[in-house]
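Presented below is the structure to which this report refers.
Being a predicted model, the structure only gives us computed values, none of them experimental. Letters A, B, ... are given to chains in the order of the sequence lines, protein chains preceding strands, and every chain is numbered from 1. Only this structure's heavy atoms are used, side chains among them; waters, hydrogens and symmetry mates stay out.
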Amino acid sequence: MKPDLREQILTILAEIPPGRVTTYGRIAAMTDGATPRLVARALRDLPTGHELPWFRVITASRKLADHPGATEQRERLIAEGVLFDHRGRVAKDRLWP
DNA sequence: CTCATGACATTAG
DNA sequence: GCTAATGCCATGA
């Protein structure tokens with residue numbers, strides 16, 4: 001059972017509650033066979049202006065991934081109440097299981 | 001078909 | 001803490 005992994009990824013993404021974040025690896029693990037790279041690719045290919053909370057996805061080290069929208073991502077997370085420590089990392093208790 | 005690429009993860013040093 | 005090497009695998013040239 002391995003239907004469109006991309007759709008599984010987007011479905012999970014849509015489930016992340018506001019004020020929480022999750023990692024590429026966690027999303028990948030929730031799907032049936034996707035890898036973190038596929039999750040990254042799925043986000044990259046999303047059209048601009050969609051509804052999905054792409055900004056709630058961070059790396060396994062709880063930092064923002066290196067990509068063009070990183071600055072906006074940080075702003076949007078802060079706007080939702082996600083706090084960063086002085087090293088730019090998200091608190092563990094903000095991780096979505 | 002082969003080759004390079006990448007919003008990553010994990011492991012080793 | 002950091003970097004570098006590997007693994008991963010869909011996608012496009």
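- We find that A:E80 and A:R20 are not joined by a salt bridge, their nearest charged nitrogen and carboxylate oxygen being 4.0 Å or further apart.
- Smallest separation of non-hydrogen atoms from A:Q73 and A:V57: NE2-O, 2.9 Å.
- A:Q8 places no side-chain N or O within donor-acceptor distance of the main-chain N or O of A:T31, the cut-off being under 3.5 Å.
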Could you please spell out the steps behind the side chain to side chain contact (heavy atoms under 4.5 Å, CB included) verdict for A:I16 and A:W54? CA-CA 10 Å; A:I16 305 173; A:W54 56 273; over 6 Å; no
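- Within a 6.0 Å sphere centred on CG of A:D85, other residues, nucleotides and ligands contribute more than 12 heavy atoms.
- Considering every non-hydrogen atom in both A:A65 and A:Y24, the closest pair reads CB-OH, 3.5 Å.
- Annotation for A:P36 and A:A28: closest pair N-CB, 3.7 Å, computed over non-hydrogen atoms.
- Residue whose closest nucleotide on DNA chain C sits further toward the 5' end, between A:K63 and A:T35: A:K63.
- Residues of residues 76-97 of chain A having a heavy atom closer than 4.0 Å to DNA chain B: none are found.
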Distance-only criterion, 3.5 Å: show the donor-acceptor pairs between side-chain atoms of residues 87-97 of chain A and protein atoms not counting sequence neighbours.
{"from": "A:R94", "atom 1": "NH1", "to": "A:G19", "atom 2": "O", "distance (Å)": "3.0"}

Quick tally for nucleotides 6-13 of chain B: nucleotides whose base has a protein heavy atom under 4.0 Å get B, sugar-phosphate-only ones S, the rest -, giving BBBSS---
